[in-house]
Novice: 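Below is the structure I would like to discuss, written out as structure tokens.
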Amino acid sequence: MSDTNRPVRVRFAPSPTGYLHIGGARTALFNWLFARKHGGSFILRIEDTDQSRYVPEAEDDIMASLRWLGLNWDEGPDIGGKAGPYRQSERAELYREWADWLIEHGYAYRCNCSPERLEKVREEQRARGEKPGYDRFCRDRNLGPDIGEHVVRFKMPLEGETTVHDLIRGPITFSNAELQDLVLLKSDGLPTYHLANVVDDHFMEISHIMRADEWIATAPIHWQLYRAFGWEMPAIAHLPVILSPSGHGKLSKRDQAFQEGGTKVLVQVREFREAGYLPEAVVNFLTNVGWAFGDDREVFTPEEAMERFELEDINPAPSKLPYDKLEWLNGVYIREKLTTEELAERLEPFFVEAGCDIGREKLIEAVPLVRNRIKTLPDALDFLAFLCKDEITIEDPQNLIQPKMDAQRTIEALRAAYDTLAAMEGFDVEEQERLLRGLAGEMGLKAGQLLGTLREAVTAQKVSPPLFETMAVIGKETVLKRIVAAAELLEKTVEHEN
RNA sequence: GCCCCCAUCGUCUAGAGGACUAGGACGUGGCCCUUUCAAGGCCAAAACAGGGGUUCGAAUCCCCUUGGGGGCACCA
């Protein structure tokens with residue numbers, strides 16, 4: 001509707017009040033996709049005008065999380081740019097100037113009502129069943145700057161309607177009587193979101209605003225501000241919010257406690273990273289919430305998405321995050337999109353963190369064993385625990401005994417397997433398979449019985465990657481030692497029972 | 001309470017008046033493959049919130065109801 005010919009410049013403007021939320025990441029992603037599609041600029045702006053809620057580590061986390069996702073920005077607090085500074089706390093003077101301008105031109109006024117009076121007014125309004133809000137006591141008092149502590153409020157038109165054209169939803173109309181004379185400049189001299197946002201978007205030459213749904217109610221207020229300033233308002237689109245899996249309200253930090261099917265509900269981007277999701281999978285996943293690639297395709301790169309991405313196609317309905325789908329997608333990326341070396345590289349920090357620092361080379365050897373078996377990076381730890389230590393511990397000797405076998409028969413099987421493997425020249429996988437299957441036949445055992453026993457003996461795990469490949473990675477020497485140890489363990493148990 | 005937004009399988013979605021016997025994906029169930037676990041292959045169950053219009057014809061347009069969501073701060 002209000003599509004302009006201006007060069008595309010969009011921004012992601014988080015408030016550093018906490019770590020980057022996945023919903024914020026989605027907003028950033030859609031802005032980034034749009035900017036990149038149109039060869040425009042993606043700007044990072046930090047909206048830190050609320051010093052009471054300021055969290056010092058938040059800005060670093062926001063930037064680290066965006067970088068992790070691959071959402072690079074062209075202008076921002078760390079790299080500067082032609083419209084800087086990009087931290088609102090560093091632009092305070094600008095907001096004060098324009099607040100003064102509004103007062104001079106009759107679009108705003110000073111107000112020294114106390115918070116107590118405001119609260120009292122609201123209470124009375126609520127009691128009367130009216131919409132709570134400022135009663136405009138100071139609107140026509142023409143207070144000067146010498147009244148001590150005060151705020152600056154916007155003089156909202158009292159009549160008429162304001163229509164905002166949302167690129168996703170079409171026109172949204174509000175009655176001006178519903179709109180408040182809201183605060184533009186707080187008594188600490190810093191601007192509220194409304195003033196800072198409008199002033200910055202104007203001077204940073206933002207062409208399109210893409211922000212969360214929850215801002216819709218402020219859009220007409222911002223529209224009126226642009227009008228008062230005589231500035232052109234950027235085109236605007238409100239992205240649907242992400243809902244809590246609990247079924248109530250939007251996704252929030254509180255949901256981290258909410259367990260569904262035993263899975264932790266991830267909320268912050270860093271939690272997705274720590275849980276072992278790949279950034280490319282998270283980006284793919286997020287792109288498909290509120291927007292769809294089309295052609296029934298679920299797996300695609302951001303570049304492919306850019307070609308088709310249109311704001312008009314965004315689904316205005318709020319949605320939950322399909323976490324199950326992310327799990328599946330992550331598996332797809334793990335098994336199909338990364339080379340062996342890349343996957344080993346991604347896996348390494350998780351192994352080191354878990355105290356299983358087996359080195360890159362060993363990891364590269366092990367990757368083919370787990371590739372099709374893991375959904376998240378740390379899943380590999382469960383499969384490969386037998387690689388972490390020289391000595392493994394078989395929890396219960398009974399685990400060695402397969403269905404329809406007994407301890408004696410199992411000991412025999414282990415010894416025979418030992419002899420067979422020890423006699424091998426190398427430790428070739430196919431050769432192992434040929435020999436051991438042959439052995440099982442000779443002993444009148446099913447392959448599963450022999451292999452099951454060996455699996456437990458060699459990995460101390462009921463579940464492991466395929467046995468022959470597994471033994472090859474462990475190495476012949478260690479495998480033989482473990483088979484001996486398992487046989488001895490079982491013998492001890494038998495003696496003990498007698 | 002008031003204002004605003006939204007509504008297709010359990011979930012994420014395709015669908016922009018006839019091509020819909022409503023498609024895909026995840027998840028779920030079954031079968032196949034199989035040395036455990038996966039992966040893979042095949043199959044299945046599963047939705048247009050309800051009611052009124054408009055139209056020859058409605059998942060698609062309009063209205064109402066219901067349900068969900070957001071907002072109503074010197075927070076963003």
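Bear in mind that the values here come from a model prediction, so they are computed numbers and not experimental data. Just so it is clear: chains get the letters A, B, ... in the order the sequence lines come, proteins before strands, and each one is counted from 1. Just the heavy atoms: all of them, side chains too, but no hydrogens, waters or symmetry mates, feed the values below.
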Novice: Over 60° means perpendicular and under 30° means parallel, so tell me whether A/F293 and A/F300 are parallel, tilted or perpendicular.
Specialist: parallel
Novice: If I pick the P atom on B/rA59 and the same atom on B/rC9, what distance separates them, to the nearest angstrom?
Specialist: 15 Å
Novice: Categorize A/R371 for me: base, sugar-phosphate, or nothing, with a 4.0 angstrom heavy-atom threshold over every strand shown.
Specialist: nothing
Novice: Between B/rG53 and B/rG17, how many Å separate the two C1' atoms, rounded to a whole number?
Specialist: 15 Å
Novice: Could you please name the partner base of B/rU28, counting Watson-Crick and G-U wobble pairs only when both distances are under 3.5 Å?
Specialist: B/rA44
Novice: Please work out if A/G290 contacts a base, only the sugar-phosphate, or nothing of the nucleic acid, heavy-atom cut-off 4.0 Å.
Specialist: sugar-phosphate
Novice: For nucleotides B/rG18 and B/rU60, find the distance between their C1' atoms and express it as a whole number of Å.
Specialist: 11 Å
Novice: For a quick check of understanding: with a heavy-atom distance under 4.0 Å over all strands, which category does A/P403 fall into, base, sugar-phosphate or nothing?
Specialist: nothing
Novice: If I pick the C1' atom on B/rC20 and the same atom on B/rU36, what distance separates them, to the nearest angstrom?
Specialist: 45 Å
Novice: May I ask you to say what A/K250 touches in the nucleic acid, namely base, sugar-phosphate or nothing, with a heavy-atom cut-off under 4.0 Å?
Specialist: sugar-phosphate
Novice: Work out how far the P atom of B/rU21 is from that of B/rU13, and round it to whole angstrom.
Specialist: 26 Å
Novice: What is the base-pairing partner of B/rU66, counting Watson-Crick and G-U wobble geometry with both distances under 3.5 Å?
Specialist: B/rA7
Novice: Considering only the P atoms, how many Å lie between B/rC6 and B/rC63, rounded to the nearest integer?
Specialist: 11 Å
Novice: How would you label the contact of A/R335 with the nucleic acid (heavy atoms, under 4.0 Å): base, sugar-phosphate, or nothing?
Specialist: sugar-phosphate
Novice: Using 4.0 Å as the upper bound for N to carboxylate O, is an ion pair formed by A/K462 and A/D396?
Specialist: no
Novice: Using only heavy-atom distances, decide whether a donor-acceptor pair under 3.5 angstrom links the side-chain of A/E298 to the base of B/rG24.
Specialist: yes
Novice: Any strand is fair game: report the nucleotide pairing with B/rC2 by Watson-Crick or G-U wobble, both distances under 3.5 Å, or none.
Specialist: B/rG71
Novice: So, A/D200 versus A/Y95: side-chain donor-acceptor pair below 3.5 Å or not?
Specialist: yes
Novice: Salt bridge check, A/R136 against A/D181: does any charged N sit closer than 4.0 Å to a carboxylate O?
Specialist: yes
Novice: Is a side-chain N or O of A/R53 found less than 3.5 angstrom from the main chain of A/T17, in a donor-acceptor match?
Specialist: no
Novice: For atom P, what is the distance between B/rA46 and B/rA58, given to the nearest Å?
Specialist: 24 Å
Novice: Tell me what A/S464 touches on the nucleic acid: a base, only sugar-phosphate, or nothing, going by heavy atoms under 4.0 Å.
Specialist: base
Novice: Considering every strand and a 4.0 Å limit on heavy-atom distances, what is the contact class for A/Y134: base, sugar-phosphate, or nothing?
Specialist: nothing
Novice: Do A/N330 and A/T376 get their side chains close enough for a donor-acceptor pair, meaning under 3.5 Å?
Specialist: no
Novice: Give one of base, sugar-phosphate or nothing for A/F383, where a contact means two heavy atoms less than 4.0 Å apart.
Specialist: base
Novice: Rounding to an integer number of Å, can you tell me how far A/Q449 CD sits from B/rU36 C1'?
Specialist: 14 Å
Novice: Within the structure shown, what part of the strands sits under 4.0 Å from A/H238 by heavy-atom distance: base, sugar-phosphate, or nothing?
Specialist: nothing
Novice: Reckon A/R122 touches a base, only the sugar-phosphate, or nothing at all at heavy-atom distances under 4.0 Å?
Specialist: sugar-phosphate
Novice: Quick one: disulfide bond (SG atoms under 2.5 Å apart) partners of A/C356, sequence neighbours excluded?
Specialist: A/C388
Novice: Report each atom pair, protein N/O against N/O of nucleotides 2-8 of chain B, whose distance is under 3.5 angstrom.
Specialist:
| residue | atom | partner | partner atom | Å |
| --- | --- | --- | --- | --- |
| B/rC5 | O2' | A/R169 | NH1 | 2.6 |

Novice: When A/F30 is tested against each of A/F309, A/W291, A/F12 for ring pair (Phe, Tyr, Trp, His ring centres under 6.0 Å), which residue passes?
Specialist: A/F309
Novice: So, are A/E119 and A/R126 salt-bridged, with charged N and O less than 4.0 Å apart?
Specialist: yes
Novice: Closest-nucleotide mapping onto RNA chain B: is A/W328 or A/D313 further toward the 5' terminus? I mean the 5' end.
Specialist: A/D313
Novice: Specify the residue among A/L321 and A/K462 whose closest nucleotide of RNA chain B lies further upstream toward the 5′ end.
Specialist: A/L321
Novice: Give none if B/rA39 has no partner; otherwise give the nucleotide forming a Watson-Crick or G-U wobble pair with it, both distances under 3.5 Å.
Specialist: none
Novice: Pick base, sugar-phosphate or nothing for A/P465, based on heavy-atom distances below 4.0 Å to the nucleic acid.
Specialist: base
Novice: Could you tell me how far B/rA38 sits from B/rG30 if I compare only their P atoms? Round to whole Å.
Specialist: 13 Å
